[in-house]
Amino acid sequence: MEITLIVLLVIVLALFFDFTNGFHDTANAMATPIATGALKPKTAVLLAAILNLVGAFLSTEVAKTISGGLINEGDGGVLISPEMIFAGLIGAIVWNLVTWLYGLPSSSSHALFGGLIGAAIVGAGISSINGGVFLSKILIPMLAAPLTAGIVAFTATRVAYAITRRHDGKKDGRGRFRYAQIASSSLIALAHGTNDAQKTMGVITLTLVAANLQEPGTGPHLWVIAACAFAIALGTYSGGWRIIRTLGAGLTQVKPAQGFAAETSTAATILASSHLGFALSTTQVASGSVIGSGLGRRGSSVRWRAVGRIALGWLFTLPASGAVAAVAALIAHIGPVGIVIDALVGLGFIVFIFWRSRRNRVDASNAIPVPDVAESGYAVRVRKGKVKPVKTKTGTIPPLTPVAQAAVRDDIAAREAERAAKEAEARGQAGDASDEGAGR
């Protein structure tokens, strides 16, 4: 097979991975604002897609980490061939689609790293991996980033609720955090484009360097940046609703102030890592922030069973994607026939996953139930003691959940107490007036 043909295949597959990265990670930016009603679902993914597109043009530091740091160079050039990169991408895509099917917010970034590492070890040996880069810019950030984001989100949530503490049943203004969520979630989408699109840029650049079509140590070409930017934006616009459901409602019940704290913590962590060239997982950062904000809001609960499932997904991402890529690399060693086999099996798997997903369809209309969104806003800000009506497709108002019902009862009790106090005060004033009249 001609080298130019395999390079073309790798580029196409890399862009498809970029597409899956987009819809897999849309939830990082938009799950919480959708859950609180700050943004409508389709508006949220459109905004995220546009900002992903813009963000992809802002930096190339992470791309350089992948194209010129993770895989060592030997006497004959980079110690990985385009065939091995092709196999690595297959491993990453397979893991991305499996976790998406089950709604697990796993790391697309670590799936990519695992795939590249597994294929490189099969093709060029363990010495082809730069252990220092892997440790300092991938493994350590993988462990530290979600913990850091969680601590920051916990602190920010505490501060937000302390500032807007309720007094004497008066409005606390926390509902206004919904407007702030639009800005904070937009910042995450911009940061996601800046960090994650670069990973695919790095893979394509690594392929061109390995094929002697680009000088080692150089950054991605403009056409590579543009292609990756549009691919991840298109993937983001497609939604990824299964993972939006998990992050928006599966870990903890998100309120506007809490969501704002989680989003700002996520954005700050991602932007700092992009500046330093750390290829961390935006999914792990966003998940850590949501968990931290859930712990920071008094009265909220974190669903630890769901957290455990997600943690297992994180744990298996690198080895699982690496194992699939290693098998694909062994088949690719056969020659052109092996590449064709890999391509056909990979295509068949992709078709199967999308067919399987239709049996339990999740889209913009059911990613987060309407009553949950209504309850999120109601439990924070009450207008004139009434629940804000939420119309459904059938024109009915959904029933309130137990939490919202409890909030209604509390409000009714507060109004009754206030009315009784006013009546008692009025009777007291009337009694004083009659006493004065009698004294005269």
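Ring geometry for H221 versus W223: interplanar angle under 30°, hence parallel rather than tilted (30 to 60°).
To the nearest 0.5 Å, atom OG1 of residue T200 and atom CG of residue L206 are 12.5 Å apart. Rounding to the nearest 0.5 Å places CE of M142 at 8.5 Å from OG of S107. How far CD1 of I204 is from NZ of K199: 15.0 Å, rounded to the nearest 0.5 Å. Rounding to the nearest 0.5 Å gives a distance of 6.5 Å between CD1 of I334 and CD1 of I331. D25 CG to T20 OG1: the interatomic distance, rounded to the nearest 0.5 Å, is 8.5 Å. Interatomic distance, CD1 of I232 versus SG of C228, reported as 8.5 Å (0.5 Å rounding).
Annotation: side chain of L89 is in contact with side chain of L112 (closest heavy-atom distance under 4.5 Å). Side-chain contact check for F86 versus S81: every heavy-atom pair is 4.5 Å or farther apart. Taking 4.5 Å as the limit, some side-chain heavy atom of L135 sits within range of a side-chain heavy atom of I140. Under the 4.5 Å side-chain criterion, counting only non-hydrogen atoms from C-beta, T246 is not in contact with L104. Side-chain contact between F230 and I225 is absent, with no heavy atoms from C-beta onward closer than 4.5 Å. The closest side-chain heavy-atom distance from Q284 to P105 is not below 4.5 Å. Using a 4.5 Å cut-off on side-chain heavy atoms (C-beta onward), F16 and I350 make contact.
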| query | Which is it for S185 and L39 under the side-chain contact (heavy atoms from CB on, under 4.5 Å) test, yes or no, and what are the steps along the way? | reply | CA-CA 10 Å; S185 61; L39 288 169; 4.1 Å; yes
| task | Kindly determine whether M30 and L47 satisfy side-chain contact (heavy atoms from CB on, under 4.5 Å), including the steps that lead there. | result | CA-CA 9 Å; M30 294 302 167; L47 179 62; 4.2 Å; yes
| Derivation of the side-chain contact (heavy atoms from CB on, under 4.5 Å) call for Q181 and I34 | CA-CA 10 Å; Q181 275 192 279; I34 291 174; over 6 Å; no
| task | Let me see the working for W314 and S287 under side-chain contact (heavy atoms from CB on, under 4.5 Å), right down to the final yes or no. | result | CA-CA 11 Å; W314 293 353; S287 301; 3.6 Å; yes
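Counting only N and O atoms by type, the side chains of E263 and S289 include no donor and acceptor under 3.5 Å apart. At a cut-off of 3.5 Å, with distance as the only test, no side-chain donor of H333 or E83 sits close to an acceptor on the other residue. At a cut-off of 3.5 Å, with distance as the only test, a side-chain donor of S106 or T99 sits close to an acceptor on the other residue.
The shortest non-hydrogen separation linking N21 to H192 is OD1-NE2, 4.0 Å. Closest approach of A286 and T266 over heavy atoms only: CA-OG1, 3.6 Å. Taking every heavy atom of both residues into account, I244 and A31 meet most closely at O-CB, 3.8 Å. When all heavy atoms of A145 and V285 are compared, the closest pair comes out as CB-CG2, 3.8 Å. Nearest heavy-atom pair, A233 versus N52, reported as atom, atom and distance to 0.1 Å: CA-CB, 4.4 Å. Here the closest non-hydrogen pair linking T157 and G296 is CG2-C, 3.7 Å.
Within the structure, every pair that satisfies the ring pair (Phe, Tyr, Trp, His ring centres under 6.0 Å) test and touches residues 17-39, not counting sequence neighbours, is listed here: F19-F23, F23-W100.
Evaluation of the side-chain hydrogen bond (donor to acceptor under 3.5 Å, both in side chains) rule for T207 yields no partner, not counting sequence neighbours. Y237 is linked by a ring-ring contact (aromatic ring centres under 6.0 Å, His included) to nothing, counting only residues two or more places apart in sequence or in another chain.
Without hydrogens or angle criteria, S293 side chain to A153 main chain gives no donor-acceptor distance under 3.5 Å. Remark: side-chain polar atoms of S321 are paired, donor with acceptor, to backbone N or O of A111 under 3.5 angstrom.
Annotation: R303, atom CZ; neighbour count of heavy atoms from other residues, nucleotides and ligands within 6.0 Å is above 12. At most 12 non-hydrogen atoms from other residues, nucleotides or ligands lie less than 6.0 angstrom from OH of Y102.
Between V307 and the choices V302, L312, V290, the side-chain contact (heavy atoms from CB on, under 4.5 Å) rule is met once, by V302.
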